[in-house]
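What follows is one structure encoded as structure tokens, with my remarks underneath.
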Amino acid sequence: MSDKVLTANRLSDGISVWLDASGQWVEDLQSAFVARHAEAVSALEATGTAAFADNKVVDVNVIEIEEKDGLLRPLRLRERIRAEGPTIDYAPGYRGLLGPFEAA
Amino acid sequence: MYRYDEFDHAFVSERVAQFRDQVGRRLSGELAEDAFKPLRLMNGVYLQLHAYMLRVAIPYGTLNSRQLRMLAHIARKYDRGYGHFTTRQNIQYNWPRLADTPDILAELATVEMHALQTSGNCIRNVTADHFAGAAADEVADPRPYAEILRQWSSVHPEFSFLPRKFKIAVTGAERDRAAIQVHDIGLHLKKNEDGRIGFAVYVGGGQGRTPMIAKKIRDFLPEEDLLSYTTAIMRVYNLHGRRDNKYKARIKILVHETGAEELAGQVEQEFLQLKDTELKLPEADIAAITAYFAPPELKSRPEGWESLARWKKADAGFARWVEQNVAPHKHPDCGMVTISLKPIGGIPGDASDKQMEAVADLAEEFAFDEIRVSHEQNLILPHVALADLEPLYRGLVAQGLATANAGLITDIIACPGLDYCALANARSIPLAQELSTRFGAAERQAEIGELKIKISGCINACGHHHVGHIGLLGVEKKGAELYQITLGGSGDENSSIGEIIGRGFEPEKVTDAVETIVDTYLGLRRDKAETFLEAYRRVGPQPFKDALYGATQAAA
């Protein structure tokens with residue numbers, strides 16, 4: 001079984017978020033809680049369902065990741081782009097992997 | 001252009017208030033996502049990979065400077081300082097907060113704009129020739145009819161829950177710049193032998209998973225019958241269109257499965273019932289709407305010709321821009337200007353808030369306050385005196401908006417692709433950027449001539465790849481991106497669907513593959529006047545297959 005994390009988009013602004021070990025939705029995949037066995041995955045799924053029902057997040061999904069050079073990396077390109085942002089310099093102020101968007 | 005009346009103002013304001021209440025209830029948890037999602041979609045709010053997306057309608061792609069300034073303001077205040085002009089003449093914002101969307105819609109309403117019917121299974125924004133009202137080859141301005149269709153279709157109770165979305169395009173010119181043959185309904189304005197205005201009616205075109213060229217089901221529909229005949233088509237579709245399978249629900253499938261002749265018969269039968277009802281357009285109503293679109297008073301300014309010759313001689317960059325981006329206007333002293341949103345190596349269709357404001361200023365100063373959005377993701381100033389071209393050009397240069405590539409190989413259509421879109425399988429924008437950089441040299445583009453590359457990141461074909469002279473479709477294969485190439489597509493008056501040329505190419509190989517195709521064309525064309533499309537139609541796919549895959553392999 002590949003490792004898994006729980007991801008969603010925040011209801012209020014739609015920004016991609018991941019669930020961390022303390023049950024918070026955070027904007028950084030690297031802080032996500034990693035489920036490494038079936039029970040932990042079930043717990044993630046249950047947390048996701050509850051968070052959706054609680055109107056905190058939408059589009060909740062468990063996704064597959066791998067750990068590479070100490071970094072979490074989603075297996076699917078789609079999820080890597082969700083985690084890292086668009087692969088293009090779309091606007092001044094965009095810093096890609098370096099951090100959240102700050103208007104230039 | 002059309003101005004809202006009291007009814008329009010009240011209607012749009014009411015919808016904003018309604019949506020504000022819905023968003024409030026969603027954020028408080030009173031409304032669940034399943035209940036809210038269709039409501040937000042009815043107001044143009046999608047959820048993409050990184051954030052919500054708001055798609056704002058630009059009816060038939062027509063804007064004034066006040067509206068464009070508002071679009072810039074929204075980009076700056078509520079988004080990340082830019083917007084993306086789409087292949088349906090709309091604009092999308094990629095980062096709005098859900099909580100802000102009611103405020104955005106309220107601000108849009110102050111300039112007579114909204115986001116209604118930019119999503120959902122309804123009649124979407126009616127699109128039109130971006131040179132409407134200015135083109136020399138035009139029989140009549142298509143926009144009054146597009147506006148009549150817009151008013152009729154706005155929250156039309158009978159057509160708000162169709163089997164699938166529904167797109168109508170109108171052109172009034174001989175050359176089809178609105179791609180009407182790949183729309184659910186395509187209307188081609190024409191005059192009959194008595195000089196009466198009417199439409200050739202095409203039905204059942206579309207791209208997506210099952211691309212089809214529309215069938216002509218009426219050679220001449222008098223203008224007064226526009227709504228009754230369109231209603232007849234919608235009724236036949238609403239009744240018989242498939243609701244059991246999303247992928248077979250568009251009218252193109254119904255036309256294909258029923259047969260154009262049989263379907264035309266069904267439409268005519270419906271039409272007989274509707275022809276002499278309240279749907280018949282009174283002449284006075286058509287005249288009233290047409291009056292809104294009266295062209296500006298274009299004065300005779302013959303001195304522009306002399307100035308133009310002088311400016312062109314003095315500045316090769318300006319000369320190239322005029323050659324490529326300025327088309328003949330019906331008034332001899334004017335031109336139609338394409339403002340390219342395809343800078344070399346840039347993102348097709350994106351414009352920053354500052355650029356939008358600059359275009360608004362320039363439109364006010366030099367272009368009678370009229371701006372258009374083209375389905376090719378550029379902006380257009382339809383009425384510019386030749387005598388004003390040079391100062392306009394200087395203004396555009398200052399904003400990085402004077403790329404001289406309209407209709408050339410770097411004037412690429414690309415959907416947002418996997419960089420933004422939740423439906424995409426592969427990225428479109430980085431490929432467009434790489435191709436643009438590869439072919440960006442002015443001399444090389446000029447040598448290649450007219451060549452339209454269109455890129456979609458999934459089979460839904462928002463990037464119109466099926467009608468690209470060279471079409472690129474991104475797919476996901478074994479977890480990686482792969483690009484399928486189609487050749488020979490076209491979205492004009494001689495529409496055709498491109499043919500898949502062979503197996504796909506990895507991202508790092510696809511630009512080379514396109515270059516091989518282009519070099520093959522350059523090697524086999526009769527002369528410089530033979531465009532890529534003409535050459536492809538003459539020789540067929542084989543020389544290109546041979547060049548891409550080797551003669552033996554392609555024959556196997």
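Residue numbers start from 1 in every chain, and the chains themselves are labelled A, B, ... in the order their sequence lines are given, proteins ahead of strands.
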Part of B/Y52 within contact of chain A (heavy atom distance under 4.5 Å): both
A/N55 side, atom CG; B/R26 side, atom CZ - distance, nearest 0.5 Å: 4.5 Å
Under 4.5 Å from a heavy atom of chain A, the part of B/L49 involved: both
Proximity of residues 9-17 of chain A to chain B, residues having a non-hydrogen atom under 4.5 angstrom: A/N9, A/R10, A/L11, A/S12, A/D13, A/G14, A/I15, A/S16
Proximal component of B/P416, with respect to chain A [non-hydrogen, under 4.5 Å]: neither
Minimal non-hydrogen separation, B/R80 against A/A91, with atom names: O-CB, 3.7 Å
Enclosure of A/D89 CG (heavy-atom neighbours >12, cutoff 6.0 Å): no
CZ on A/R78 to CD on B/E476, rounded to 0.5 Å: 9.5 Å
Separation between CG of B/L418 and CG of A/L77, rounded to the nearest 0.5 Å: 5.0 Å
Residue part contacting chain B, namely of A/D54, when any heavy atom lies under 4.5 Å: neither
Parallel, tilted or perpendicular: rings of A/Y90 and B/Y82 (30°, 60°): tilted
CD/B/E508: more than 12 non-hydrogen atoms of other groups inside 6.0 Å: yes
Toward chain A, the part of B/A422 with a non-hydrogen atom under 4.5 Å: both
Engaged part of B/I347 at the chain A interface, taking heavy atoms whose separation is under 4.5 Å: side chain
Proximity of residues 425-436 of chain B to chain A, residues having a non-hydrogen atom under 4.5 angstrom: B/R427, B/I429, B/P430, B/Q433
Most contacts with chain A, counted as non-hydrogen pairs under 4.5 angstrom, among B/T101, B/L98, B/D100: B/L98
Region of B/D353 that comes under 4.5 Å of a non-hydrogen atom in chain A: neither
